[in-house]
Every structure is written in structure tokens, then in C-alpha cells.
> 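Following this message is one structure expressed as C-alpha cells.
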Amino acid sequence: MAPDVPVRVFARPRPRQEEDGYPECMEVQEGREEIWIRPETKEQTKICPADQNFVFDGVLTERATTQDLVYSRCAEKVVSTVLEGFNGTVMCYGQTGAGKTYTMSGKVGDITNLEAFHAMSEGPDRGIMQRAVEQVFKAKAQMNSGGQMGAGGVEDKGKAKGSVEVSLKMSYIEIYNDIVHDLIQEDTNSIALRKSVAGKESAASTPQMRNGASCHSVSSRDQAMELLHLGLRRRQVAAHNLNRDSSRSHAILTLYVTRGSGKRSAEAGKGGPKRGSASSDAEETIQSRLDLVDLAGSERLSKTQSSGVHQSEAQHINKSLSFLEQVVLAIGDPNRDHIPYRTCKLTQFLKESLGGNSYTVFVANVRLESSFLSETVRTCRFAQRMLNVKNSPILNVMRNDKNVSQYIQKLVDENNHLKEELALYDSLSQVNREYEPYTDEQRAILLEQLERYFLNDSWSVNNFSPLEFSSVRHIKEIILQCKAIYNRTSVPSSESAGPSAPSIESQPLSLGHENGHGSVEGRHHNNGGADVYSEAGSYQSESPQALPRSQSNSSNGSALDPAKIEIYKEGVGKQLQEALDENRMLVKTKKKESNMLAKQMNELIKRIKASEDKTTTQDLKAEYRELHQERAMLLSEIDHCKSLAAECSKKLKEGVHECFQ
Ligand SMILES: Nc1ncnc2c1ncn2[C@@H]1O[C@H](COP(=O)(O)OP(=O)(O)OP(=O)(O)O)[C@@H](O)[C@H]1O
């Protein structure tokens with residue numbers, strides 16, 4: 001089993017301008033990997049009641065930190081491990097304008113100016129993305145000429161020599177308003193392109209959604225830079241009060257490294273965990289991946305003054321970041337066995353990076369000006385939680401092991417031999433049996449036989465015609481078809497209560513019932529009558545009987561195909577059901593939080609009414625406004641989860657309908 005490796009967390013404060021004034025209530029102390037907060041004013045103590053120090057794996061001090069230093073401290077080692085065959089992630093998180101894009105892509109400036117971009121990409125302001133590409137190409141050149149990559153990313157002399165084939169691919173996507181867009185597809189018609197990518201990553205195909213993005217072979221650093229420039233040009237950017245070039249999307253640049261057809265030295269990969277069973281003489285292909293993630297910045301609308309479309313973008317950004325927080329909280333909680341990765345595209349993409357197969361570094365970009373105290377405290381708290389996230393990186397080796405191939409061949413031979421034996425046995429006993437799976441035609445014939453058998457009044461214990469079992473596959477098929485007939489013809493218990501009894505389909509299983517909160521149910525019904533949580537849309541993978549029987553018989557009298565529904569149940573149906581459950585669970589939790597906030601707000605109203613002191617009243621009102629904003633955010637998250645649940649529910653229904661013959 002792969003060992004747990006914690007996410008490494010760094011904080012990078014954006015340099016303050018001299019005119020911002022010192023001292024501030026936040027500071028980084030030289031030589032100490034911590035950000036200290038000393039609230040002084042009453043306002044500040046409301047945000048952070050007492051002195052607090054946030055300790056990280058590293059704090060990149062404001063003035064001393066160059067882009068070069070940031071790379072060597074935060075990213076270089078991760079890139080080296082990727083070159084060895086492990087997955088790696090570096091992600092930047094923080095409030096808008098704190099320097100995430102600067103850290104990742106460098107001082108981008110006017111992105112339409114290609115020359116300026118290339119000049120920057122070679123200069124000291126270049127970011128982690130450019131530097132990672134450089135490191136990877138440097139290593140590729142070394143490996144092609146027979147060197148081995150060691151843990152430090154430098155050539156290790158004296159190890160097994162021999163040219164290793166290395167190929168690199170690159171993809172660059174953005175998640176904008178929870179839709180995945182390809183940023184480097186060569187088609188300039190981005191709308192058509194975006195539709196196609198978004199279409200591919202539907203809930204039904206979430207595990208493969210990465211494949212929805214185009215993947216480009218890159219053979220030189222310059223080629224990779226061209227693609228990076230193209231992607232940055234296409235990324236959604238807008239101006240607001242705190243950042244002239246604010247990213248409106250989460251962007252993920254992925255470098256895929258494949259090292260092919262070489263014998264991996266037993267000594268290689270000393271820097272990290274090894275696969276226990278790896279032998280030194282196997283032919284191997286190593287496929288690893290580096291994700292460089294520039295998250296969109298959280299923003300307070302009151303500060304950015306965004307409105308219209310940018311306000312809606314901001315709400316999407318804040319929502320997805322809050323889902324990210326939920327995932328991180330769940331991973332860090334030993335009592336939670338379910339991590340809500342499926343709630344949005346961002347968390348789906350980061351599944352391996354957080355709690356999965358990856359070496360991950362998290363950079364918290366912060367601003368130390370007092371006016372950003374609340375945002376910085378929030379970022380630091382989140383970054384601290386990130387320290388609890390443990391990953392399990394493994395060496396991504398595809399082995400072409402001679403022993404395994406031989407073993408598979410042995411099994412194939414044995415299977416052929418048994419088939420021959422069976423054929424001989426059948427011919428000696430003069431029976432003609434088939435062992436291949438039923439075709440649709442054979443299945444239809446069997447179904448017809450069974451229907452005749454059940455409908456025939458004159459059937460008796462002596463007449464078992466279609467039930468005279470001829471083989472194991474025949475028995476299985478009869479049982480499946482009997483189940484289909486049963487589902488189609490039997491009447492649900494609620495219907496048997498009388499014609500006026502509502503069908504299961506029309507009984508909403510509302511959250512209100514689940515939570516015991518009557519009000520929730522009321523709002524749910526008022527919401528256009530969309531039965532998001534109706535049992536009809538809920539597909540119980542453990543018990544197929546839970547499917548509404550009224551649906552087992554479609555309007556045109558066709559029957560549910562047992563084989564199809566089984567496949568659906570184990571595959572897409574199961575994924576959709578999980579996603580539905582997750583969203584329902586999130587709605588439930590958030591509703592509780594929202595109710596608690598409502599209670600606190602009611603208390604505050606009482607206190608405001610009772611207050612006679614002007615300053616106290618003002619403070620209470622300010623507190624009320626904060627809570628109100630927080631609750632508004634929660635309510636919009638709840639709506640978002642509901643709409644996701646509705647989408648899952650709809651897809652589930654469509655999927656079940658497709659299982660009718
Ligand atoms: N460490 C730094 N040194 C010099 N300039 C910086 C630094 N960090 C950020 N900046 C500058 O601050 C501005 C805002 O930074 P940037 O666009 O990287 O923020 P961001 O966190 O990506 O914001 P958003 O979330 O809104 O996209 C840019 O002009 C950037 O060049």
C-alpha cells in the first residue's frame with residue numbers, strides 16, 4: 001500500500017506598496033514559516049478575536065521572494081517526482097488579486113502581445129508553468145541521451161545508462177461557470193469547441209472527463225510556450241476594483257509524461273514510494289501527470305463591486321471554492337467515509353490531487369494589508385486545513401511483464417481446452433448446447449415462451465416447457481426474464497390501495513421529510529413543482545426493485561431489458577446515484593448551517609431593537625449584514641446543489657428509459 005504523503009502548504013504574501021503603511025496587523029517574521037496576526041482595532045477583533053499564528057511548510061516572504069525561489073521551494077521537487085513516474089500537482093489559491101496567476105504564469109501583462117509574452121517567459125518574472133516546462137524538457141534531453149533522473153531533478157551520474165524514449169503531451173483547460181472549456185484546441189471557433197468539450201464531460205462520463213480536453217504532443221519548449229500563450233489568451237479575464245486582469249475561471253495546465261520501452265533501473269525513483277512488486281527486468285512504460293492549477297480568486301462583491309455577468313461569475317467562483325472547502329474538510333475528518341468530489345467540476349478534476357494519487361503542493365496567495373484581514377484569515381484557515389490532507393502517490397507503471405503475459409496465455413489455452421472438452425461431452429451425449437451470451441433475438445424468443453407459459457391457463461406441474469433448463473446460461477436468462485415480466489405486470493402496493501392512491505412517481509420524497517423541516521418541503525414544492533428529490537428519479541443501485549414499477553412498463557408497452565438495466569445499475573446509473581446522494585447530502589448540511597445562521601440573525605435583530613447605544617447598534621448591524629451575506633451565499637449554494645441533483649435525477653430517469661426494449 002502506498003504511504004500517506006501530506007500536501008505541502010506554502011503561503012505567499014503579495015508584496016505591499018510602501019505607501020500601504022507599516023506596521024500592519026499581519027506580518028511575516030523573517031526566518032519563521034508563519035504568518036502572524038495581531039488584531040488591534042475592534043473591527044479586527046471581530047474577524048480574528050485573538051492573536052493567531054498560522055504555521056506552514058514555508059512562507060515565501062514578501063520582498064525576499066523571487067519567482068525563482070518560489071519555484072525551487074514549491075515546484076521543482078514535484079516536477080522531479082513527475083519525471084520519475086508519480087503524479088504531481090501545484091495549485092495556487094487565494095483571494096482575488098493576491099498573485100495566483102503571477103505565481104503560476106508570471107507577469108502576464110498584455111497577453112495579446114506575443115513578443116512581450118515570450119520575453120517575459122524567458123525572464124525573471126516567468127512563473128511556475130514556464131519553469132516546469134523548462135525543467136521537463138531539460139530532463140527529457142538528459143534522458144534521451146542516456147541519463148537518469150534522480151529525486152532532485154538533476155542527472156545522476158553512474159547509474160544504468162541507456163537511452164529512454166520520453167514523450168510529452170499538454171492540455172490546458174479552464175472551468176468557467178462550472179463548465180469545462182478547452183483552452184488550446186486549435187479550432188478558433190471557441191464556442192463550438194467549448195460546446196463539444198462540455199458535452200463530453202457530462203455527469204455520465206465524469207471519470208473520463210479529462211479526456212474531453214484536447215491533448216497535444218509537444219516536442220520542444222517553444223512549442224509548449226506557444227500553447228501556453230494560446231491558452232492564456234483564451235482564458236476568461238475581466239477587470240474589477242481589486243484586479244485589472246482578474247481570472248474568472250479555474251485553469252489547469254496538465255503535462256503528461258510518458259517514458260517508454262526501457263528497463264527501469266531498480267535504483268530509479270529513490271525519492272518516493274515504490275511499487276512493492278516491481279522487478280528490475282520488466283519492460284515498462286511510465287505514465288505520469290503534472291497538474292498546474294491556477295484557481296480563480298474568491299471575492300467579496302462589496303469590495304470588487306462586480307455586477308451583472310461578473311457578479312454571476314463571482315458567485316460561481318465562490319460556490320466552487322466552497323465545494324473545494326467541503327472536500328478538504330471531509331478528507332481531514334477521520335469520521336467521514338464519503339468525500340463529496342462530485343459536487344462540481346473543480347472538485348472532480350482535483351480528485352487525485354486531494355486525497356488521491358499525487359504529490360501535491362498548495363500555495364496560499366495572501367495580501368497582508370489590514371484591509372484584507374478577513375480574506376487573509378480565511379485563506380490561512382483553509383490552508384491550515386489543507387495540511388491535514390494526505391495523498392497516496394504511486395508509481396504509474398504499465399508493465400509488459402513476460403511472466404504476466406505467459407500466465408494470461410496459459411489461462412487462454414486452458415479455457416480453449418475446456419471448451420473443446422465440453423463440445424466433445426455434448427456431442428457424445430447428443431445434445432446441442434450453446435455457451436455464448438444470449439443474443440437479443442434469442443432473448444426475445446425466450447421472453448415470448450415465458451409469457452405464453454405464464455398466461456396459459458392450462459399449465460400444470462407436468463408442463464414446464466420453457467423452464468426445462470438446458471444450461472447455466474439458460475437458467476440465468478430465465479430468471480432475468482421472469483424478473484422483467486414480474487416488474488412489468490405487477491401492481492405497486494400504493495396503487496392497490498385504490499384508484500385514487502397516488503403512484504410512487506407522483507410522491508415527492510422531499511428533503512423536508514428527510515430532515516424533518518417542514519418549511520424546506522414547502523419551499524421545494526413552491527419551486528416550480530420540480531420534483532428534484534422524487535423517488536422516481538432516484539435509482540437504488542442495491543435494490544433494483546426500488547425502481548418505480550409503474551415505470552417498468554413504458555407507455556408503448558415495452559419491457560425493461562434486464563441485461564441493460566444490470567449494466568446501467570453497475571455503471572452510469574451507480575455514478576449518477578452517488579452524485580445525487582452527494583448533492584442531497586450537501587443540501588441537507590447546508591440547510592442546517594443556513595438555519596443556524598437564521599437563528600443567529602434573529603438574535604441579532606432582537607439585540608439591535610433592544611440596543612440604546614449608537615455604536616453598539618452600528619456594530620450589531622454590521623454583524624447582521626455579514627451574516628446575511630454569508631447566508632445568501634449558502635442559499636445560492638443550496639440552489640446550485642439542488643440544480644445538480646435535478647440534473648442527476650433527470651439523467652437517471654433518461655438512463656432508465658433507455659433500458660426499455
Ligand atoms: N509577488 C508579486 N510580485 C510582483 N507583482 C505581483 C506579485 N503578486 C501579484 N503581483 C501583481 O499583482 C496583480 C494581481 O495579481 P494576479 O493577477 O496574479 O492575482 P490573482 O490572484 O491571480 O487574481 P485573480 O484571482 O483576480 O485572477 C498583477 O498585476 C500581478 O502582476
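In each ligand, atom 1 is the first atom listed, and ligand 1 is the first ligand listed. Just so you know, residue 1 is the first one in the sequence shown, and it goes up from there.
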> Do any nitrogen or oxygen atoms of Ala296 lie less than 3.5 angstrom from nitrogen or oxygen atoms of ligand 1?
no

> Would you please classify the geometry between the Phe382 ring and the Phe362 ring as parallel, tilted or perpendicular, with 30° and 60° separating the classes?
perpendicular

> Rounded to the nearest 0.5 Å, how far does CG of Asp291 lie from OG1 of Thr360?
8.5 Å

> Check this for me - ligand 1, Asp294, N or O atoms closer than 3.5 angstrom, yes or no?
no

> With heavy atoms only and a cut-off of under 4.0 Å, state how Gln95 meets ligand 1: side chain, backbone, both or neither.
backbone

> Which atoms of ligand 1 are found less than 4.0 Å from any heavy atom of Ser247?
24 (P), 26 (O), 27 (O)

> Give the numbers and elements of all ligand 1 atoms closer than 4.0 Å to a heavy atom of Lys100.
18 (O), 19 (O), 20 (P), 21 (O), 22 (O), 23 (O), 24 (P), 25 (O)

> Is there a nitrogen or oxygen of Pro15 sitting under 3.5 Å from a nitrogen or oxygen of ligand 1?
no

> Can you confirm whether more than 12 heavy atoms, excluding those of Lys169, are under 6.0 Å from its NZ atom?
no

> Under a heavy-atom criterion of less than 4.0 Å, does Gly97 contact ligand 1?
yes

> Determine the sole option in Leu373, Leu368, Asp51, Ile47 for which the side-chain contact (heavy atoms from CB on, under 4.5 Å) test with Ile37 is passed.
Leu373

> Where's the contact between Arg14 and ligand 1, heavy-atom distance under 4.0 Å: side chain, backbone, both or neither?
side chain

> For a quick test of reading the model, state the closest non-hydrogen atom pair linking Ser105 to Met129 and the distance between them.
OG-SD, 3.8 Å

> Can you list the steps and then say if Glu582 with His338 is a side-chain hydrogen bond (donor to acceptor under 3.5 Å, both in side chains)?
CA-CA 9 Å; Glu582 263 172 28; His338 173 77; 3.0 Å; yes

> Looking only at heavy atoms of Met104, does any of them come nearer than 4.0 Å to an atom of ligand 1?
no

> Would you call the rings of Tyr359 and Phe86 parallel, tilted or perpendicular, taking 30° and 60° as the class edges?
perpendicular

> Going by the atom numbers of ligand 1, which of them fall below 4.0 Å from some non-hydrogen atom of Gly297?
25 (O)

> Could you state the interatomic distance from CG (Leu69) to CZ (Arg12), rounded to the nearest 0.5 Å?
9.0 Å

> Flag Gly99 as yes when one of its N or O atoms lies below 3.5 Å from any N or O atom of ligand 1, and as no otherwise.
yes

